[in-house]
Amino acid sequence: MTSRVYNFSAGPAVLPEAVLEQAASEMLDWRGCGMSVMEMSHRGKEFVSIAAEAEQDLRDLLGVPQHYKVLFLQGGATGQFSGIPMNLLRGGERADYINTGSWSKKAIKEATKYCQVNVAWGADEETPMHIGAPSEWRLDPQASYAHYTPNETISGVEFHWVPDTGGVPLVADMSSTILSRPIDVSRYGLIYAGAQKNIGPAGLTIVIVRDDLIGGALPQTPSVWDYKLQADADSMLNTPPTFSWYLAGLVFKWLKHQGGLEAMAELNKRKADKLYAVIDNNPFYSNPVDPACRSWMNVPFVLADGRLSETFLSEAEAAGLTTLKGHRSVGGMRASLYNAMPEAGVDRLIEFMQDFARRQG
Ligand SMILES: *Cc1c(COP(=O)(O)O)cnc(C)c1O
């Protein structure tokens with residue numbers, strides 16, 4: 001008998017228990033082939049079928065149109081911070097970036113190695129707690145692409161709308177929000193995400209890219225970062241992260257079984273709404289983000305009396321509510337409520353918060 005905690009980690013993060021159980025049951029012998037997925041050749045028929053099925057399930061979930069490639073890569077979202085300019089500049093020299101927080105800033109910093117970056121909004125914001133209206137954005141119609149971060153994992157600032165960049169391809173770092181709700185993939189030129197938040201284990205990075213944007217990588221682009229070469233090789237230009245890919249596939253099946261992304265969106269909104277309601281209605285807690293752009297996935301909050309934070313965290317831990325410490329750059333608390341966090345976990349956290357406020361307030 002295992003005793004599982006409610007794990008509110010921002011990433012690597014909680015995975016669906018049913019997925020872990022299935023992986024455990026298949027660990028030594030995957031469907032009668034006598035070996036673990038970890039031990040299989042990535043070129044063998046077993047793994048090739050696992051890989052293809054995972055891609056198809058992801059395409060089904062997100063409604064990925066046929067003229068988009070789905071790549072299963074390595075190097076994390078951070079690797080894509082350079083992969084994107086290397087592939088998408090296509091002879092251009094300028095790219096637009098929207099700065100909504102820490103991850104935007106990191107993407108911007110990396111992109112400046114390859115091109116002239118125009119920060120179309122947020123250049124003066126230290127840590128934005130809101131998102132500027134599109135009328136404030138100074139987009140460059142000649143930019144090769146426009147990059148934004150739909151969900152800032154650290155500050156908990158999330159877009160609940162899709163920017164309109166005219167004919168400039170829109171690029172989105174969806175690391176901490178992909179699969180949390182339905183999206184219209186056709187609005188994007190490229191979507192990317194590290195797996196360890198809402199997809200599966202660390203080590204896998206998903207890139208969904210429109211066909212016409214690939215094939216023009218900078219000549220010095222390492223082959224493993226060249227989207228065209230990877231697409232032509234079915235993401236197997238070299239050995240892919242096979243076990244992470246397999247586990248992501250199990251998560252995709254699980255999501256389908258839950259009713260797909262409409263069902264997840266409804267559940268995710270409900271989980272987030274009830275936690276924000278407690279934070280807003282109890283003077284003991286607060287969250288500084290503009291209510292119009294509060295994240296469904298990452299809910300940061302602070303105590304009115306910051307001296308109680310350590311006590312809060314250690315009592316929460318003792319109650320089976322773990323990894324609630326805020327990011328080292330902002331302090332306080334952060335509850336990450338990814339798809340795999342059951343609503344019962346949020347209910348337990350809320351109960352704990354109300355009880356803690358009563359006892360300490
Ligand atoms: C976690 C995260 C990253 C970094 O992902 P790695 O896989 O560690 O490179 C980038 N962007 C966002 C929005 C994230 O949440």
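Keep in mind the model is a prediction, meaning the values are calculated, not measured. Worth knowing before you read on, the calculation uses all heavy atoms, side chains too, and leaves out hydrogens, waters and symmetry mates. Order of appearance sets the numbers: ligands from 1, and atoms from 1 within every ligand.
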Are the side chain of Lys271 and the backbone N or O of Tyr338 linked by a donor-acceptor pair below 3.5 Å?
yes

Side chains of Tyr188 and Met174, heavy atoms from C-beta outward: is any pair under 4.5 Å?
yes

Trp121 and His147: CA distance, side-chain angles, deciding distance, ring pair (Phe, Tyr, Trp, His ring centres under 6.0 Å) verdict:
CA-CA 11 Å; Trp121 184 83; His147 178 282; over 10 Å; no

Could you tell me, for ligand 1, which of its N or O atoms are under 3.5 Å from any protein N or O, listing the pairs and their distances rounded to 0.1 Å?
| unit_1 | atom_1 | unit_2 | atom_2 | d |
| --- | --- | --- | --- | --- |
| ligand 1 | 7 (O) | Ala77 | N | 3.2 |
| ligand 1 | 7 (O) | Gln196 | NE2 | 2.9 |
| ligand 1 | 8 (O) | Gln196 | NE2 | 3.4 |
| ligand 1 | 9 (O) | Ala77 | N | 3.2 |
| ligand 1 | 9 (O) | Thr78 | N | 2.8 |
| ligand 1 | 9 (O) | Thr78 | OG1 | 2.5 |
| ligand 1 | 11 (N) | Asp173 | OD2 | 2.6 |
| ligand 1 | 15 (O) | Thr153 | OG1 | 2.4 |
| ligand 1 | 15 (O) | Lys197 | NZ | 2.7 |

Are more than 12 heavy atoms, taken from residues, nucleotides or ligands other than Arg43, located less than 6.0 Å from that residue's CZ atom?
yes

With the threshold set at 4.0 Å, does a side-chain nitrogen-carboxylate oxygen contact exist between Lys253 and Glu53?
yes

Just wondering, are more than 12 heavy atoms of other shown residues or ligands nearer than 6.0 Å to NZ in Lys269?
no

